[in-house]
Amino acid sequence: MTAHQKVLARKVGAHAFLICFLILILVPFVMVISASLRQGNFAPSRLLPDKVSLDHWKFVLGIPYQEVVNPATGETRTVKPSTPPLLWFWNSIKVSVTASAGIIFLSGTAAYAFARLRFKFRSTTLSALLILQMFPMVLSLVAFYVILDFAGQYVKWLGLNTQPGLIMIYLGGISNYIWMIKGYFETIPASMEESARIDGASQFQTFIRILLPMSLPIFAVVFILSFISYMSEYPVASVVLQSSDNWTLAVGANSFLYEQEKLWGRFSALAVLSGVPITVVFLLCQRFVIGGLTSGGVKE
Amino acid sequence: MSEGSVQIKELVKTYTDDRGRPTFTAVKNISLNIEDGEFVVLVGPSGCGKSTTLRMVAGLEKITSGTISIGDRVVNELEPKDRGIAMVFQNYALYPHMSIFNNMAFGLQLAKKKREFISDTVGRTSKALGLDQMLDRKPHALSGGQRQRVALGRAIVRSPKVFLFDEPLSNLDAKMRVQMRSEISKLHVQLGSTMIYVTHDQVEAMTMGDRICVMRDGLIMQVADPLTLYRQPENLFVAGFIGSPPMNLLKGKVQKRDGGLFFVESAEKNGLTVPLRGRIESVAGKYVDKDIVFGIRPEHLSDEAGKEGTHAPVTSTVEIAEPMGSESLVYLKAGTGNLIARIHGEHLFHLGEQVTIQLNLDKVNLFDTATENVIR
């Protein structure tokens, strides 16, 4: 084989591998989309539906549609979907946006302290954070339940079956983000903040006016990550939120999968729908994930 | 005393770890008085504590013990902004997300100054620094020299009593450095403010400072004006640190031979021997048979005996010659000792050439080997 052929063979091999890999990723995605457009609520068997039907989407979006009751006689009835799917969608956005904003505030300030201030047990606390976040959140489900139950006796809006309660629990998952943001802060030269201090800025002013504007990329990344994870979080939400009015999208979607009857069509439509805000948030935040924000300030 | 003076008294800085255990003492009990309007340079090798001292004056570093007063007021516990100082950092430390105008105006804005006052002050300063055409730009659109000028402008608009410079020129290229050096010196004349300038570059120190404070390992080795420092170093460290090429330093003993005193270089054989006559004869008298270091600057070695002063001839071989036009740096081997001579005139020296070099004994400094201090 000549050298040219060798290169060609390697290229073909690499492309074949990558194409297989792409298929592996894309097929489930296409299946979910096609299931949401299929007639009836069956587990997807073929990649593309024989007949496209928007029934599931209509159900999810709360638009009345005709459903065949008896295939033999062709008898149909008008189904007027209740509002829940859209409500769940709205709940999910509310919870995820609030929790993510809260996470940015908490982890940003905490990371600043860890990166810039010197205090006792600083490194111990940092390692403790890292170790604690290795335990999955699900392990503390029982504790969350008891805590919220207890809190609800005194503060109604923070108890079980409330969204603020769920957000409170979500806010506990910041240790990862503290580490991420702290790492970013440490790449920003301290002399800029020292310079601001000499200019007369307080510690808080320095944080808000000097460090934050330079840290937009990392905050955008943290917002995207936490938004995605809370948009699709199921275990905690399913335990905390009990009435269907309060459910988030993930809990709601799961409710279509009864033991006796799994409504795959509706489930899929809802799953695809939940991808929309994630995409929107990603596109919005992507503008801030740009390099060079700190360039020019100091000589590297 | 006037308001721009700085007194440093028995200053100590010990760094501690997170738990407050001492790890490293960077500044070991130093005292220094700086007059109002004086340009003082702190110079020394890296890790000598010069930057730490400056940062303590600025208020960026907590003081372990001792006091710092600015204009008769002890500032140990004052925030940097209340000390009447401004600082220029080595890496400029501009705010990258702000325009040049806002970079310079930031301090005044925080101090809640009137809008007209701010635009007036910044306008005037930027004009003086040649930055008035680029006030809307961000720092990344500026060259290194321009950025450092912005940092300078940011310090000037605060109209501080004391300017602090932390190696402000070491990130610039050689040409820019020389230009900025004279600009800072001019600024000092114009403003008449006290300036404390930290550098590791002894040329910068010599050319800019009214007085120079040489530091090593957290201690002050000598404080003096540039020429005194150059001519009368207090100790071996200063002698070796100031001047380029450095002072020739030879280890040896004082010996009495034939009724006269001689410096004999410590060597297995062929040690260099120099008669000690004139001014240094009485100095060396106390050190007969004791270890000393013989120090002479390269320009006090010449290829012909001068009209003034006591000269001693030394036979040597040329090892390397670096002709630089009006003068030559000649690396010589005399006995086993290496000597560098700065010889004026356009005479060309050749490799391996035998030359008789005249040492100007009036300019020689002798140092005690044990204490490293100069012998007087």
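Chain letters run A, B, ... following the sequence lines, proteins first, then strands; residues in each count from 1. Predicted, not measured: the structure shown is a model, and the values here were computed from it.
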Would one find more than 12 heavy atoms of other residues, nucleotides or ligands at under 6.0 Å from atom [atom1] of [X]?
{"X": "Glu77(B)", "atom1": "CD", "result": "no"}
{"X": "Phe119(A)", "atom1": "CZ", "result": "yes"}
{"X": "Asp136(B)", "atom1": "CG", "result": "no"}
{"X": "Met176(B)", "atom1": "CE", "result": "yes"}
{"X": "Phe29(A)", "atom1": "CZ", "result": "no"}
{"X": "Lys94(A)", "atom1": "NZ", "result": "yes"}
{"X": "Lys127(B)", "atom1": "NZ", "result": "no"}

Under 4.5 Å to a heavy atom of chain B? For Ala190(A) that would be neither
Turns out that what part of Glu193(A) lies under 4.5 Å from chain B's heavy atoms comes down to neither
Student check: side-chain heavy atoms of Ile210(A) and Met98(B) closer than 4.5 Å
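Side chain of Ile210(A) against side chain of Met98(B), heavy atoms only: contact under 4.5 Å found.
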### Message
Is the shortest side-chain heavy-atom distance between Ile198(A) and Lys81(B) below 4.5 Å?
### Response
no
Exercise. Without hydrogens or angle criteria, can the side chains of Thr16(B) and Arg118(A) be said to hold a donor-acceptor pair below 3.5 Å?
Worked result: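 Looking only at side-chain atoms, Arg118(A) and Thr16(B) do not form any donor-acceptor pair under 3.5 Å.
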Go through the atoms of [X] and report whether side chain, backbone, both or neither lie under 4.5 Å from a heavy atom of chain A.
{"X": "Gln148(B)", "answer": "neither"}
{"X": "Leu164(B)", "answer": "neither"}
{"X": "Arg55(B)", "answer": "side chain"}
{"X": "Ala86(B)", "answer": "backbone"}

Tightest non-hydrogen contact, residues Arg197(A) and Gly59(B), listed as NH2-O, 3.3 Å
In short, Ala93(B) meets Ser195(A) closest at the heavy-atom pair O-OG, 3.7 Å
request  = Output yes when a side-chain donor or acceptor of Tyr95(B) lies under 3.5 Å from a complementary backbone atom of Arg209(A), and no otherwise.
outcome  = no
(Q) With side chain to side chain contact (heavy atoms under 4.5 Å, CB included) as the criterion, how do Glu194(A) and Met87(B) come out once you've worked through the C-alpha distance, each side chain's angles and the decisive distance to 0.1 Å? (A) CA-CA 9 Å; Glu194(A) 288 172 346; Met87(B) 187 158 167; 6.0 Å; no
Most heavy-atom pairs under 4.5 Å with chain A, out of Arg154(B), Arg83(B), Gln109(B), Lys138(B), belong to Arg154(B)
(message) Rounded at 0.5 Å granularity, tell me how far OG in Ser202(A) sits from CG in Leu110(B).
(response)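 Taking OG in Ser202(A) and CG in Leu110(B), the distance rounds to 8.0 Å.
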